[in-house]
Amino acid sequence: MQTEMEKVIDKYSDMVYRIALTRTGIVENAEDVFQEVFMKFSEKRPTFNSDEHEKAWFIRVTINLTKNIKTSA
């Protein structure tokens, strides 16, 4: 039986990683963003109105974290 966190990771892992890799262009940075996105989800445990809202949250957080990496470099 999967936990809620495992279900969320299974559902969004490919999308989050692809966005992170596309935006950073560096595998290590994409992996860091990937990990940080799911850590934020685990810490905040946001409530969503729909699947679309949940997906949008993951996209927005991923994009914001890739922006942070670009500006810190």
Side-chain angles (χ1 to χ4, degrees):
M1 185 86 180
Q2 284 186 318
T3 66
E4 178 189 350
M5 190 67 194
E6 289 170 331
K7 289 177 186 176
V8 168
I9 290 171
D10 283 349
K11 188 173 182 179
Y12 294 109
S13 61
D14 289 341
M15 179 190 71
V16 168
Y17 184 75
R18 282 186 283 114
I19 292 169
L21 185 58
T22 300
R23 293 186 53 84
T24 64
I26 300 169
V27 170
E28 291 80 7
N29 287 349
E31 290 170 353
D32 290 344
V33 167
F34 177 90
Q35 185 175 11
E36 205 167 335
V37 166
F38 290 102
M39 283 175 40
K40 282 190 179 294
F41 177 80
S42 178
E43 291 167 2
K44 294 181 186 266
R45 294 289 183 177
T47 305
F48 302 107
N49 299 329
S50 63
D51 285 346
E52 292 82 17
H53 182 215
E54 183 179 61
K55 182 177 179 180
W57 185 90
F58 278 97
I59 292 169
R60 176 53 43 207
V61 170
T62 303
I63 290 170
N64 288 344
L65 289 172
T66 60
K67 286 180 184 178
N68 293 347
I69 284 182
K70 286 181 178 182
T71 57
S72 69

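Hydrogens, waters and symmetry mates play no part in the numbers below; they use all other heavy atoms, side chains included. None of the values given here were measured: they were computed from a predicted structure.
Residue Leu21 holds its CG atom at 10.0 Å from CD of Glu28, rounded to the nearest 0.5 Å. Glu36 CD to Asn29 CG: the interatomic distance, rounded to the nearest 0.5 Å, is 11.0 Å. Considering OG1 of Thr62 and NZ of Lys40, their distance stands at 11.0 Å, rounded to 0.5 Å. Considering CZ of Phe58 and CZ of Phe48, their distance stands at 5.5 Å, rounded to 0.5 Å.
By the salt bridge (charged side-chain N to carboxylate O under 4.0 Å, His left out) test, Glu52 is found to be paired with no residue, residues two or more places apart in sequence or in another chain being considered. Listed by chain and residue number, nothing satisfies the salt bridge (charged side-chain N to carboxylate O under 4.0 Å, His left out) test with Arg60 (two or more places apart in sequence, or in another chain). Remark: Lys11 pairs with Asp51, Glu54 by the salt bridge (charged side-chain N to carboxylate O under 4.0 Å, His left out) rule, at least two apart or across chains.
Across every non-hydrogen atom of Arg18 and Thr22, the tightest pair is O-OG1, 2.7 Å.
By the neighbour-count criterion of 12 heavy atoms within 6.0 Å, atom CD of Glu31 is densely surrounded, having more than that number from other residues, nucleotides or ligands.
Both Val33 and Met15 are members of a single hydrophobic cluster when ILVMFWY side chains are connected at heavy-atom separations under 4.5 Å. Linking Ile, Leu, Val, Met, Phe, Trp and Tyr whenever their side-chain heavy atoms come within less than 4.5 Å puts Met5 and Val61 in one cluster.
Not a single donor-acceptor pair under 3.5 Å links the side chain of Ser42 to the backbone N or O of Phe38.
Annotation: side chain of Ile9 is not in contact with side chain of Phe41 (no heavy-atom distance under 4.5 Å).
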Check: Are Phe34 and Ile19 close enough, and set up right, to give a side-chain contact (heavy atoms from CB on, under 4.5 Å), and what steps lead you there?
Finding: CA-CA 9 Å; Phe34 177 90; Ile19 292 169; over 6 Å; no
